[in-house]
Asker: 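A single structure is presented below for examination.
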Amino acid sequence: MLLSEVDGLTAATPQEWDALRIKYLSKKGVVNDLMADFRNVPAEQKREVGMKLNELKTALQEKLAALKETMAASEDNHDDLDLTRTPYPVRLGTRHPLTLVRNEIIDIFSRLGFTLADGPEVEDDWHVFGSMNFADDHPARDMQDTFFVTRQPDVLLRTHTSSVQSRVMETMQPPIRVICPGRVYRNEAISARAHCFFHQVEGLYIDKNVSFADLKQVLLTFAREMFGADTKIRLRPSYFPFTEPSAEMDISCNICGGKGCAFCKQTGWVEILGCGMVDPNVLEANGIDSSIYTGYAFGMGVERITNLKYQVKDLRMFSENDVRFLEEFQSAN
């Protein structure tokens, strides 16, 4: 092979380039064969032939390197790219309905001065029950109601986000004004109206001279922001271990406007949350002087609010990841 032939070598693809490398520079290539025949060259010609073989090998190496650079430059050249071409259609995802409602709840209470607080989903008995004034023999502590971690009876999946309130009270001094959104777990049979996990948003406000009237006004503002300016509320006496007095709050049915329908069971009212004044035992258990400070707390299920807002009748739809169901909320994003 003559040096003049090297200049004529071409390769348009990586495969063609590799074929040239194998043909000329591999162990079974042309150059290696010429080197093997070098022993048969007469002694007086070895110097001249050896120099030409080295020149040929160097020329081949430089040519192959140049061809490789040319191909790389060609791959980086986007002159043929049409920037006016319509992009391929990409279907955008949507936020989950529970996320939409949770974010709206957070936004409303944030404008009322509440800050976000978070805590672990795997908790201990003290933060879930003990600090919240639950009696030692309270039914919520039974395995039929709560998921306990195997071989660790004091470790469980939180049944409410009140455990976050407890951790906040342990580390902060009043005034405290927080909301605690998160997932909670309860040992319940899964059906259209119940699930073993769901989502809550709980709120806590502790300061001097906090009254039940303050709680009522905050909840009325929330209800009207979430369901409309004409929404009415009512508070019914109830019982919770961590609040005293306690109440459940109803809103006027946003479907029939309070006139009575199948959804509100002809009453005109729909229950959406529980609330009350923080029990002094809870304040003391978490290191806050109940003779100086008072407070209120409330808690609501995000699924419940979502049901009312979007009229989703089956709770299981929220966790089944049915794309057809989720696409219904594209306009709400």
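Everything quoted here is computed from the prediction, not taken from an experiment.
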Asker: Does CZ belonging to R47 count more than 12 external heavy atoms closer than 6.0 Å?
Answerer: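 No, CZ of R47 has 12 or fewer neighbouring heavy atoms, counting only those of other groups under 6.0 Å.
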Asker: Going by side-chain heavy atoms closer than 4.5 Å, which hydrophobic residues are tied to V184, directly or by a chain of links?
Answerer: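 Under the 4.5 Å side-chain rule, V184 groups with F198.
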Asker: Taking all non-hydrogen atoms of both residues into account, name the closest pair between E284 and S290 and its distance.
Answerer: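 Here E284 and S290 meet closest at OE2-OG, 2.7 Å.
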Asker: Mark yes or no for whether S131, through its side chain, and W126, through its backbone, hold a donor-acceptor pair below 3.5 Å.
Answerer: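 The answer is yes, because a donor-acceptor pair under 3.5 Å joins these two groups.
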Asker: Is the closest side-chain heavy-atom distance between P97 and V312 below 4.5 Å?
Answerer: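 Of all side-chain heavy-atom pairs linking V312 with P97, none is under 4.5 Å.
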Asker: List in chain and number order the residues that pass side chain to side chain donor-acceptor pair (under 3.5 Å) with S319, two or more places apart in sequence or in another chain; answer none if no residue qualifies.
Answerer: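 For S319 the side chain to side chain donor-acceptor pair (under 3.5 Å) partners, ignoring immediate neighbours, are H195.
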Asker: How long is the span from the CG atom in L20 to the OG1 atom in T10, to the nearest 0.5 Å?
Answerer: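 Those atoms lie 7.0 Å apart.
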Asker: Are I292 and L204 connected, step by step, through hydrophobic side chains (Ile, Leu, Val, Met, Phe, Trp, Tyr) whose heavy atoms are closer than 4.5 Å?
Answerer: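 Both belong to a single hydrophobic cluster.
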Asker: Pair H160, F134 - check ring-ring contact (aromatic ring centres under 6.0 Å, His included), show working.
Answerer: CA-CA 13 Å; H160 50 195; F134 282 78; 5.8 Å; yes
Asker: So, T243 side chain and M277 main chain: donor-acceptor pair closer than 3.5 Å or not?
Answerer: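 Flag not set: sc T243 to bb M277 has no pair under 3.5 Å.
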Asker: Of all heavy-atom pairs between A247 and L235, which one has the smallest distance, and what is that distance?
Answerer: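 Heavy-atom minimum between the residues: CB-CB, 4.3 Å.
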Asker: Any side-chain donor-acceptor pair under 3.5 Å between T94 and E327?
Answerer: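 Short answer, no.
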Asker: Report yes if the side chains of E188 and C196 come closer than 4.5 Å at any heavy-atom pair, otherwise no.
Answerer: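 A side-chain contact under 4.5 Å is absent here.
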Asker: My understanding is that only one of T146, V122, V149 makes a side-chain contact (heavy atoms from CB on, under 4.5 Å) with L156; could you say which?
Answerer: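 It is T146, the one option of T146, V122, V149 that forms the side-chain contact (heavy atoms from CB on, under 4.5 Å) with L156.
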Asker: Does a side-chain N-to-carboxylate-O contact under 4.0 Å join D250 and K265?
Answerer: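 The answer is no: the pair does not qualify as a salt bridge.
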Asker: Is the backbone N or O of A66 less than 3.5 Å from a side-chain atom of T70, with the two atoms forming a donor-acceptor pair by type?
Answerer: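 Pair found, side chain donor or acceptor close to backbone of A66.
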Asker: Could you see if W269 belongs to whatever hydrophobic cluster contains L308? Use Ile, Leu, Val, Met, Phe, Trp, Tyr and a side-chain cutoff under 4.5 Å.
Answerer: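 No: no chain of side-chain contacts under 4.5 Å links W269 to L308.
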Asker: If you measure from CG on N187 to CZ on F147, what distance do you get to the nearest 0.5 Å?
Answerer: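 Those atoms lie 4.0 Å apart.
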Asker: Do you know which two heavy atoms are closest between P181 and V201, and how far apart they sit?
Answerer: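 Closest heavy-atom pair between P181 and V201: CB-CG2, 3.8 Å.
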Asker: Restricting to non-hydrogen atoms, name the atom on I288 and the atom on I176 that form the minimum distance, rounded to 0.1 Å.
Answerer: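 Closest pair (atom of I288, atom of I176, distance): CD1-CD1, 4.1 Å.
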Asker: Go through M226 and I105 one step at a time and tell me if the side-chain contact (heavy atoms from CB on, under 4.5 Å) criterion holds.
Answerer: CA-CA 8 Å; M226 177 62 71; I105 294 171; 3.4 Å; yes
Asker: Does atom NZ (K68) have a neighbourhood of more than 12 heavy atoms from anything else shown, all under 6.0 Å?
Answerer: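 Not buried by this count: 12 neighbours or fewer within 6.0 Å.
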Asker: With side chains defined as the heavy atoms from C-beta onward, is the minimum distance between V164 and R158 less than 4.5 Å?
Answerer: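 Touching, per the 4.5 Å side-chain cut-off.
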Asker: Which residues satisfy the ring pair (Phe, Tyr, Trp, His ring centres under 6.0 Å) test with Y239, sequence neighbours excluded?
Answerer: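 Here no residue qualifies.
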Asker: Measure the spacing between CG of L273 and CE of M249 and express it to the nearest 0.5 Å.
Answerer: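 Answer rounded to 0.5 Å: 4.0 Å.
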Asker: Between atom NZ of K232 and atom CZ of R224, what is the distance when rounded to the nearest 0.5 Å?
Answerer: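 The NZ atom of K232 sits 8.0 Å away from the CZ atom of R224.
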Asker: Could you tell me whether the side chain of L116 reaches within less than 4.5 Å of the side chain of V178, counting heavy atoms only?
Answerer: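 Answer no - side chains too far apart.
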Asker: When you compare the side chain of F318 with that of R316, does any pair of heavy atoms fall below 4.5 Å?
Answerer: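 SC-SC contact between R316 and F318 ruled out.
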Asker: Give me the atom names and distance for the closest heavy-atom approach of L220 to T231.
Answerer: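 Between these two residues, the closest heavy atoms are CD1-O, 4.3 Å.
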Asker: When you look at F129 and D136, which way does the side-chain contact (heavy atoms from CB on, under 4.5 Å) test go after all the steps?
Answerer: CA-CA 9 Å; F129 297 126; D136 292 339; over 6 Å; no
Asker: Give the other cluster members for M51, using side-chain heavy-atom distances under 4.5 Å between Ile, Leu, Val, Met, Phe, Trp and Tyr residues; answer none if it is isolated.
Answerer: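 For M51, no cluster forms, as it stays isolated from other hydrophobic side chains.
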Asker: After noting the C-alpha distance and the side-chain angles of R234 and E248, does the key distance pass the salt bridge (charged side-chain N to carboxylate O under 4.0 Å, His left out) rule?
Answerer: CA-CA 8 Å; R234 72 176 183 182; E248 290 184 348; over 6 Å; no
Asker: Take R102 and T306 through the test side-chain contact (heavy atoms from CB on, under 4.5 Å) and record every step on the way to the result.
Answerer: CA-CA 9 Å; R102 184 198 63 184; T306 308; over 6 Å; no
Asker: Between S211 and D214, do the side chains contain an N or O donor and an N or O acceptor separated by less than 3.5 Å?
Answerer: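 There is such a pair (donor and acceptor under 3.5 Å, judged by atom type) between the side chains of S211 and D214.
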Asker: Give me the ring orientation class for F222 and F227: parallel if the planes are under 30° apart, tilted from 30 to 60°, perpendicular past 60°.
Answerer: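 Judged by the thresholds at 30° and 60°, the geometry between F222 and F227 is perpendicular.
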Asker: So how far is it from L157 CG to R183 CZ, rounded to the nearest 0.5 Å?
Answerer: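 So the CG of L157 and the CZ of R183 are separated by 11.0 Å.
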Asker: Would a 4.5 Å heavy-atom cut-off, applied to side chains only, mark L315 and N307 as touching?
Answerer: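 Side-chain contact under 4.5 Å: yes.
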Asker: If you compare all heavy atoms of S162 against all heavy atoms of M132, which two are closest, and at what distance to 0.1 Å?
Answerer: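 That closest heavy-atom pairing would be CB-SD, 3.6 Å.
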Asker: How many angstroms lie between atom CG of L215 and atom CG of L219, to the nearest 0.5 angstrom?
Answerer: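 CG of L219 is found 4.5 Å from CG of L215.
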Asker: Using distance only, find each side-chain donor-acceptor pair of residues 30-38 under 3.5 Å and give its atom names and separation, not counting sequence neighbours.
Answerer:
unit_1, atom_1, unit_2, atom_2, d
N32, ND2, K27, O, 2.3

Asker: Could you pull out every donor-acceptor pair under 3.5 Å between side chains of residues 293-304 and any protein atom, sequence neighbours left out?
Answerer:
unit_1, atom_1, unit_2, atom_2, d
T294, OG1, V210, N, 3.0
T294, OG1, V210, O, 2.9
E303, OE1, H199, N, 3.0
E303, OE2, H199, N, 3.3
E303, OE2, H199, ND1, 2.8
R304, NE, E271, O, 3.0
R304, NH2, E271, O, 3.2

Asker: Please answer whether the main-chain N or O of V128 pairs with a side-chain N or O of D125 as donor and acceptor at a distance below 3.5 Å.
Answerer: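 Not at all, since once roles are kept as given, no pair shorter than 3.5 Å links the two residues.
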Asker: Would you find a donor on one side and an acceptor on the other, under 3.5 Å apart, between the side chain of D18 and the backbone of P14?
Answerer: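 No: the side chain of D18 does not pair with the backbone of P14.
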Asker: Any heavy-atom pair between the side chains of Q165 and C180 that's under 4.5 Å?
Answerer: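 Side-chain contact under 4.5 Å: yes.
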Asker: Would one find more than 12 heavy atoms of other residues, nucleotides or ligands at under 6.0 Å from atom CD of E44?
Answerer: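 Yes, the 6.0 Å shell around CD holds more than 12 heavy atoms from other groups.
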Asker: Heavy-atom count around D107 CG within 6.0 Å, excluding the residue itself: above 12?
Answerer: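 It does: D107 CG has more than 12 such atoms within range.
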Asker: Assess the residue pair M169 and I206 against the criterion (side-chain contact (heavy atoms from CB on, under 4.5 Å)); give the C-alpha distance rounded to whole Å, side-chain angles, the decisive distance to 0.1 Å, and a yes or no.
Answerer: CA-CA 9 Å; M169 287 186 281; I206 301 174; 3.5 Å; yes
Asker: So, do H96 and Y310 have ring centers that fall under 6.0 Å from each other?
Answerer: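 No, they do not, as the ring centres are separated by 6.0 Å or more.
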Asker: Would you indicate whether the side-chain heavy atoms of D145 and R186 approach each other to under 4.5 Å?
Answerer: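 No, side chains not in contact.
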